[in-house]
Amino acid sequence: MGTVLDEPPRAANRHAVEAELNYLAPGQGRPVNYTFEPPPGTPWNSGELAPTRVTIRDARPLAAAGEFSLDRSGFQLVAHRSAVDDFSDDSVIRLVYYPEAEALLRDATGAEKVVIFDHTLRDSEGGSRANASLREPVRRVHNDQTFVSGPRRVRDHLSADEAGQRLKHRFGIVNLWRPLSVVERLPLALCDARTISPDDLVPSDLVYRDKVGETYSFVANPAHRWYYFPRLRPDEALLLKIYDSRDDGTARLTAHTAFDAPHTAADAPPRRSIELRALLFWPAQ
Ligand code: OGA
Ligand code: FE
């Protein structure tokens, strides 16, 4: 047995890594990102990137100490096992995974109503940006909605009457992100919402075939504090705050991106994950 003295000190950043994250370069105007093959001559993504070296800390010790929550840091780890083990069947996802996710989101947040509005499967080997049913990881620092497009989602997915009522009270958008196998390559980096400044946000177009959504790109800011959960497992999931109507210091969004984890074994399996997006409505207070 090794002696205790052989152990290095248990510092919170013992497993911190350094990696490059793709921020947006400053002064790029309004970037445009396509979700399908753009017309000839149009790039998939516009706006020059500024790959920036950052420290990404192991979130596990701090998560165990209760440091993170959806409303403080904008992300949270949850222990949760799904009854679904084959995510290749879309109808199983909708019939089994959606109700599980709805219950999980309600329990974790105190929301009284949860409306799941889409999901995305990703595979770093078989997925591609051109394939809506199996995408690749996203290597750009972003948040999926903006302060403008968040409320629009309520009108998109509820009747006009209900939307009018619900928009009077607190609502939000949260992603539930789950690995389909232990994550070794391309883990998700999460930025503590408390370290994001409004000046970092750049509204960006996300072009679908039938509409244009709005997301945030981010310019680099040395204040950003980045975390990841090493070797995230399928019986764990991440909750990511994407929008919150509250504006009282509650986390309203989280910058996030996939990154090339250093020291990843060359033969590490592909990263496979599913994320779903949900509107949350809290009870009137
Ligand atoms: C998300 C997201 C990217 C990825 O869940 O919102 O941006 O690589 N995911 O999993
Ligand atoms: Fe995202």
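As a basis for the values below, the full set of heavy atoms in this structure was taken, side chains included, without hydrogen atoms, waters or symmetry mates. In listed order, ligands and their atoms are each counted from 1.
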From CA spacing to verdict: side chain to side chain donor-acceptor pair (under 3.5 Å), H119, D90 | CA-CA 10 Å; H119 69 270; D90 199 68; 3.2 Å; yes
Separation of [Y] [atom2] from [X] [atom1] (nearest 0.5 Å):
{"X": "L190", "Y": "W226", "atom1": "CG", "atom2": "CH2", "result": "7.5 Å"}
{"X": "T42", "Y": "Y34", "atom1": "OG1", "atom2": "OH", "result": "5.0 Å"}
{"X": "L253", "Y": "N143", "atom1": "CG", "atom2": "CG", "result": "4.5 Å"}

Applying salt bridge (Lys or Arg N to Asp or Glu O under 4.0 Å), name anything that partners R152, two or more places apart in sequence or on another chain.
-> none
Contacts of R185 meeting salt bridge (Lys or Arg N to Asp or Glu O under 4.0 Å) (sequence neighbours excluded), chain-then-number -> none
Residue that, paired with E67, satisfies salt bridge (charged side-chain N to carboxylate O under 4.0 Å, His left out) out of R72, R194, R60, R57 | R194
Any donor and acceptor pair, going by atom type alone, linking the side chain of D205 with main-chain N or O of V207 inside 3.5 Å?
-> no
Listing protein N, O or S under 2.8 Å around the Fe ion (ligand 2) gives H142 NE2, D144 OD1, H256 NE2
So do the side chains of D144 and I173 get within less than 4.5 Å of each other, counting heavy atoms only?
-> no
Pocket residues of ligand 1, ordered first by chain and then by residue number (heavy-atom cut-off under 4.0 Å) = R122, P137, V138, H142, D144, N175, W177, L188, H256, A258, R271, E275, R277
